[in-house]
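Just so you know, these numbers come straight off a predicted model, no measurement behind them.
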Amino acid sequence: MTLEGKKILVVEDEWKIARFLQMELEHEGFQTAIETNGRRAFDRIMQEDFDLILLDVMLPEMDGVEICRRVRELSEIPIIMVTAKDDIEAKVTGLDTGANDYLTKPFAIAELFARIRAAFRKTNAVHQTTQDGRLYVKNLSLFPSRYEALVDGQPVELTKKEYDLLDYLVRNKNFVLNRDRILQQVWGYEYTGDTNIVDVYIRYLRNKLDEPFNQKYIHTIRGVGYVVKD
C-alpha cells in the first residue's frame with residue numbers, strides 16, 4: 001500500500017507545532033494542509049478532499065470532539081485525535097464519537113507515522129471488501145444492489161428498513177454508533193416518530209439473524225449504542 005501523495009489536514013491551533021508536523025509529513029511524501037481554527041477546519045473537511053485528519057482536541061470556535069462528531073455524521077474519513085497527556089475524558093469521548101485512534105502529547109514522530117499507516121491499512125481493508133459490491137461481517141454477506149442478505153449462502157428475508165439498518169451497521173462495522181446517529185442516517189433528519197424505533201428494529205434483526213443462526217452480529221454498548229463486530 002503506497003501512502004505517497006495522500007492528503008492530510010493538520011488541525012492544530014499552535015502554529016509552531018502545526019508547521020513542524022507539516023514539514024515531517026511532507027518529508028515522508030504526504031500532501032498536507034494546516035488549519036488552526038476549529039470551525040474553519042470543519043468547513044474545509046466538508047469542502048475539500050482529504051485522506052486523513054490529524055485533529056487536536058483544544059481548538060478555538062469548535063473543539064476537536066465536536067468536529068469529529070459532525071464529520072462522522074457524513075464521512076468515514078480516518079481521524080486521529082491528539083489529546084493532552086492527562087485528558088482521559090477527551091480520549092474516551094473522541095473514540096466514542098468515532099475517532100479511529102488518538103495520540104497523547106508529547107509524541108514521537110515515529111509513533112505518529114505508525115498510527116497513520118495503521119489507519120490507512122484499516123481503511124484500505126474496508127474498501128477491498130466492497131469492490132465487488134458485497135459487504136460482509138463473519139458469515140453474513142450483503143448485496144446492496146439487490147437488497148439481499150445471506151448467511152452461509154442462505155437467504156435472510158428482510159424488510160427494506162431492516163436491510164437499510166443492517167447495511168448501515170455493517171458499513172460501519174467495529175464503530176460504535178449511537179441511536180441518534182443511526183436514526184438520522186437510516187430514518188432521515190426529518191423523522192419525527194418514536195426514537196425507540198432504532199431499538200425495535202435492532203430487535204427485529206436479532207430475531208432474524210442472531211437467534212436463527214446462533215451467531216452474535218449486533219452488540220449493545222450500554223449507554224452508547226450499537227456496533228457490528230468482526
Open item on the list: I need the L135 CG to R171 CZ distance, nearest 0.5 Å.
Closed with: 4.5 Å
TODO: Flag the pair D167 / P144 as yes when at least one side-chain heavy-atom distance between them is below 4.5 Å, and no otherwise.
DONE: yes
Task: 4.5 Å side-chain heavy-atom contact, V200 and Y204 - done: yes
Task: Distance (rounded to the nearest 0.5 Å) between I182 CD1 and L169 CG - done: 5.5 Å
TODO: Classify the side-chain pair R206/Y201 by whether it contains a donor and acceptor separated by less than 3.5 Å.
DONE: no
Open item on the list: Is the terminal nitrogen or CZ of R44 (NZ for Lys, CZ for Arg) located under 6.0 angstrom from the six-membered ring centre of F50 and within 45° of that ring's axis?
Closed with: no
Task: Main-chain N/O of V65 paired to R70 side chain as donor or acceptor, under 3.5 Å - done: no
Task: Whether F120 and F30 hold their rings parallel, tilted or perpendicular, with breakpoints at 30° and 60° - done: parallel
Open item on the list: How close do I79 and C68 get, counting heavy atoms only, and between which atoms?
Closed with: CD1-SG, 3.9 Å
Open item on the list: Using every non-hydrogen atom in the two residues, find where E148 and L150 come nearest and quote the distance to one decimal.
Closed with: OE2-CD2, 3.8 Å
Task: Chi angles and distances behind the side chain to side chain contact (heavy atoms under 4.5 Å, CB included) call for L112, L21 - done: CA-CA 10 Å; L112 170 62; L21 292 173; 3.8 Å; yes
Task: Lys/Arg N to Asp/Glu carboxylate O, E48 vs K7, below 4.0 Å - done: yes
Open item on the list: I'd like to know whether K208 forms a salt bridge (Lys or Arg N to Asp or Glu O under 4.0 Å) with E162, so could you lay out the CA-CA distance, the side-chain angles of the two residues, the decisive distance to 0.1 Å, and finally the verdict.
Closed with: CA-CA 10 Å; K208 292 183 176 184; E162 288 169 353; 2.7 Å; yes
Open item on the list: Between N139 and Y217, is there a side-chain donor-acceptor contact under 3.5 Å, judged purely by atom types and distance?
Closed with: yes
Open item on the list: Please identify which of these residues, T220, N172, N178, D199, meets the side chain to side chain donor-acceptor pair (under 3.5 Å) condition with Y226.
Closed with: D199
TODO: Run the salt-bridge test on D43 and R39 with the 4.0 Å N-O cut-off and return the result as yes or no.
DONE: no
Open item on the list: Restricting to non-hydrogen atoms, name the atom on N37 and the atom on R40 that form the minimum distance, rounded to 0.1 Å.
Closed with: OD1-N, 2.9 Å
TODO: Begin from the C-alpha positions of L158 and L205 and carry the test side chain to side chain contact (heavy atoms under 4.5 Å, CB included) through to its verdict.
DONE: CA-CA 8 Å; L158 299 175; L205 287 177; 3.9 Å; yes
Open item on the list: So L140 and L166, do their side chains get closer than 4.5 Å, heavy atoms only?
Closed with: yes
Open item on the list: Could you tell me if the side chain of Q31 sits less than 4.5 Å from the side chain of L25, heavy atoms only?
Closed with: no
Task: Point-to-point distance, once rounded to the nearest 0.5 Å, from CZ of R115 to CG of L54 - done: 11.5 Å
Open item on the list: Quick check: do K105 and V82 have side-chain heavy atoms less than 4.5 Å from each other?
Closed with: yes
Open item on the list: Let me check something: do F107 and M23 share a hydrophobic cluster, defined by ILVMFWY side-chain heavy atoms less than 4.5 Å apart, either directly or through other members?
Closed with: no
TODO: Return the minimal non-hydrogen interatomic distance between I67 and M62, and the atom names on each side.
DONE: CG1-SD, 3.5 Å
- [ ] For T83 and V57, work out which heavy atoms get closest and say how close.
- [x] CG2-CG2, 3.5 Å
Open item on the list: Nearest 0.5 angstrom please: D152 CG to K138 NZ, how far?
Closed with: 12.0 Å
Open item on the list: Quick check: closest heavy atoms across A119 and L52, and the distance to 0.1 Å?
Closed with: CB-CD1, 3.9 Å
TODO: Begin from the C-alpha positions of D13 and D56 and carry the test side chain to side chain contact (heavy atoms under 4.5 Å, CB included) through to its verdict.
DONE: CA-CA 8 Å; D13 64 336; D56 193 22; 3.7 Å; yes
Open item on the list: Would the distance check show the side chain of R69 and the main-chain N or O of T97 forming a donor-acceptor pair, the cut-off being under 3.5 Å?
Closed with: no
- [ ] Report the distance from atom NZ of K160 to atom OH of Y147, rounding to the nearest 0.5 Å.
- [x] 3.5 Å
- [ ] Answer yes or no: is there a side-chain heavy-atom contact under 4.5 Å between L55 and I80?
- [x] no
Task: Test item: L142 and Y136 side chains (from C-beta on) under 4.5 Å apart, heavy atoms - done: no
TODO: Indicate, with yes or no, if the rings of W15 and F20 have centres closer together than 6.0 Å.
DONE: no
Task: Distance-only side-chain donor-acceptor flag, R19 / Q22, under 3.5 Å - done: yes
Task: V71 side chain reached by I77 side chain, heavy atoms, under 4.5 Å - done: yes
Task: side chain to side chain contact (heavy atoms under 4.5 Å, CB included) evaluation trace for K229 with K173 - done: CA-CA 6 Å; K229 296 182 179 179; K173 63 182 177 181; over 6 Å; no
Task: Between CD1 on residue I202 and CZ on residue R179, distance to nearest 0.5 Å - done: 8.5 Å
TODO: Taking the six-membered ring of F143 (Phe, Tyr or Trp), confirm whether the NZ or CZ of R146 is under 6.0 Å from its centre and within 45° of its axis.
DONE: yes
